[in-house]
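Below is one structure, written out as structure tokens, with a few remarks after it.
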Amino acid sequence: MRIASWNVNSLNVRLPHLEQWLRERAPDVAALQETKLEDSRFPDDALAALGYHSVFAGQKTYNGVALLSRMPATDVQIGIPGFEDEQRRVIAATFGDLRVVNLYVVNGHSVGSEKYAYKLRWLDAVHGWLASERLRWPNLVVLGDFNIAPADRDTHDPAIWNDDSILTSTAERAALRRLEGLGLADSYRWFSDEAGQFSWWDYRAAAFRRNLGLRIDLVLASEGLRPRATGAAIDREPRTWERPSDHAPVWLDID
DNA sequence: ATGGTAGGGCACCTA
């Protein structure tokens with residue numbers, strides 16, 4: 001079973017990319033972020049033609065998340081329970097014995113900004129919710145665009161991406177570690193200790209060609225899934241296509 | 001190099 005995540009940065013623009021990628025990589029579950037589409041415009045018919053069910057929570061212009069799956073979703077949850085938020089950043093659903101939580105974590109703009117405070121508040125609310133999800137579901141996968149690079153080896157330059165930089169600051173990394181403290185592991189690290197493996201590259205300054213990136217798209221999995229895990233990947237190929245998303249798809253394969 | 005590029009939507013905001 002392949003569980004994937006991809007920040008598509010506008011599904012309106014990236015639908016052809018997504019269709020090709022679904023055909024080639026055949027994920028069983030795909031979590032999408034930054035769909036930037038109102039629900040009435042979600043291309044569920046086109047995705048159904050490829051054999052995927054869709055559940056989604058979108059809005060105009062910004063944010064938007066979706067879960068595509070071979071089997072229908074049950075127990076769909078949109079948003080963080082008890083946390084008022086107009087921004088569509090969270091959708092969760094159950095597929096068989098697996099609970100899947102798709103997150104588009106707040107970017108945060110810059111350390112100390114209002115958006116940064118919102119990011120930390122939002123992550124705190126996610127932590128509280130996931131603590132109960134973790135008890136309810138032994139097989140829990142929390143994946144998406146975390147907008148946090150877990151460690152220095154997940155950045156192209158730790159001098160730039162330091163304790164005071166957005167996406168790598170001390171408080172952001174502490175929030176990520178708190179989520180991991182619930183018994184969730186960065187599953188990519190079950191398979192690779194390599195530095196310089198990135199999932200996002202800025203559109204500017206030829207960052208992809210120069211591999212100036214960050215690994216901020218993560219698949220956290222409950223420790224009980226580790227014996228079932230058979231591989232993890234960052235799929236750089238769609239980043240080489242014409243008019244790409246700035247993010248690469250990532251995935252975890254489990255038996 | 002406080003720039004650079006991309007998406008949405010038509011003036012800037014977000015990333």
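Since the structure is predicted, the reported quantities are computational estimates derived from the model, not experimental observations. Labels below follow one simple rule: chain letters A, B, ... track the order of the sequence lines, proteins then strands, and each chain is numbered from 1. All heavy atoms count here, side chains included; hydrogens, waters and symmetry mates do not.
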**Request:** Specify the residues of residues 10-20 of chain A, ordered by number, for which at least one heavy atom lies under 4.0 angstrom from an atom of DNA chain B.
**Result:** A/S10, A/N12, A/V13, A/R14
**Asked** Expressed in whole Å, how much space separates the P atoms belonging to B/dG9 and B/dA15?
**Response** 15 Å
**Message:** Quick check: closest heavy atoms across A/F191 and A/S187, and the distance to 0.1 Å?
**Reply:** CD1-O, 3.6 Å
**Prompt:** For A/Q33 and B/dG7, what is the distance between atoms CD and C1' respectively, to the nearest whole Å?
**Reply:** 16 Å
**Prompt:** Which residue pairs satisfy the side-chain hydrogen bond (donor to acceptor under 3.5 Å, both in side chains) criterion with at least one member in residues 167-181 of chain A, sequence neighbours excluded?
**Reply:** A/Y116-A/S169, A/K119-A/E172, A/D124-A/R178, A/H127-A/R178, A/D152-A/R173, A/S169-A/E172
**Asked** Only one of A/W200, A/W201, A/W241 forms a ring-ring contact (aromatic ring centres under 6.0 Å, His included) with A/F208, so which one is it?
**Response** A/W201
**Fill in**
Rounded to whole Å, the NZ-P distance (A/K60 to B/dG7) equals 19 Å
**Asked** To the nearest angstrom, how far is A/D246 atom CG from B/dG8 atom C1'?
**Response** 14 Å
**Message:** Whether A/T61 contacts B/dG7 is assessed here as follows: a side-chain N or O lying under 4.0 Å from the phosphate OP1 or OP2. Is that the case?
**Reply:** no
**Request:** Could you check whether A/Y104 gets within reach of a base, just the sugar-phosphate, or nothing at all, counting any heavy atom under 4.0 Å?
**Result:** sugar-phosphate
**Message:** Could you tell me how far B/dT14 sits from B/dG4 if I compare only their C1' atoms? Round to whole Å.
**Reply:** 15 Å
**Message:** By the 4.0 Å heavy-atom rule, please label A/R89 as base, sugar-phosphate, or nothing.
**Reply:** sugar-phosphate
**Prompt:** P atom, B/dA11 versus B/dA1: distance in rounded Å?
**Reply:** 36 Å
**Message:** Can you measure A/N147 atom CG to B/dA15 atom P for me and round it to whole angstrom units?
**Reply:** 8 Å
**Asked** Considering all heavy atoms of both residues, which atom of A/Y104 and which atom of A/E34 are nearest to each other, and what is their separation?
**Response** OH-CD, 3.2 Å
Scan nucleotides 2-4 of chain B against the protein and return all N/O pairs shorter than 3.5 Å with their distances rounded to 0.1 Å.
unit_1: B/dG4; atom_1: O6; unit_2: A/R204; atom_2: NH1; d: 3.2
unit_1: B/dG4; atom_1: N1; unit_2: A/R204; atom_2: NH1; d: 3.3

**Prompt:** Can any side-chain N or O of A/H17 pair as donor or acceptor with the backbone N or O of A/L11 at less than 3.5 Å?
**Reply:** no
**Prompt:** Do any N or O atoms from the side chain of A/S222 and from the backbone of A/G224 form a donor-acceptor pair under 3.5 angstrom?
**Reply:** no
**Prompt:** Can you check the A/L37 CG to B/dG9 P distance for me, whole Å?
**Reply:** 9 Å
**Request:** Taking atom NE2 of A/H109 as the centre, report whether more than 12 heavy atoms of other residues, nucleotides or ligands fall under 6.0 Å from it.
**Result:** no
**Request:** Report the residue (A/T35 or A/N7) whose heavy-atom-nearest nucleotide on DNA chain B is the more 5′ of the two.
**Result:** A/T35
**Asked** Checking A/S199 side chain against A/D217 main chain: does a donor-acceptor pair fall under 3.5 Å?
**Response** yes
**Message:** Tell me the interatomic distance from A/W201, atom CH2, to B/dA6, atom C1', rounded to whole angstroms.
**Reply:** 16 Å
**Asked** Once you round it to whole Å, what is the distance between P of B/dA6 and CH2 of A/W241?
**Response** 18 Å
**Fill in**
Note: with side-chain heavy atoms under 4.5 Å as the link, the other cluster members for A/W137 come out as none
**Fill in**
Across all chains, not counting sequence neighbours, the ring pair (Phe, Tyr, Trp, His ring centres under 6.0 Å) partners of A/W251 are none
**Asked** In whole Å, what is the span from the CZ atom of A/R243 to the P atom of B/dT5?
**Response** 16 Å
**Message:** Could you see if A/V219 belongs to whatever hydrophobic cluster contains A/Y188? Use Ile, Leu, Val, Met, Phe, Trp, Tyr and a side-chain cutoff under 4.5 Å.
**Reply:** yes
Pull out every protein N or O sitting under 3.5 Å from an N or O of nucleotides 11-13 of chain B, one pair per line with the distance.
none

**Asked** Distance-only, no hydrogens or angles: does the A/R228 side chain make a donor-acceptor pair with backbone N or O of A/D255 under 3.5 Å?
**Response** yes
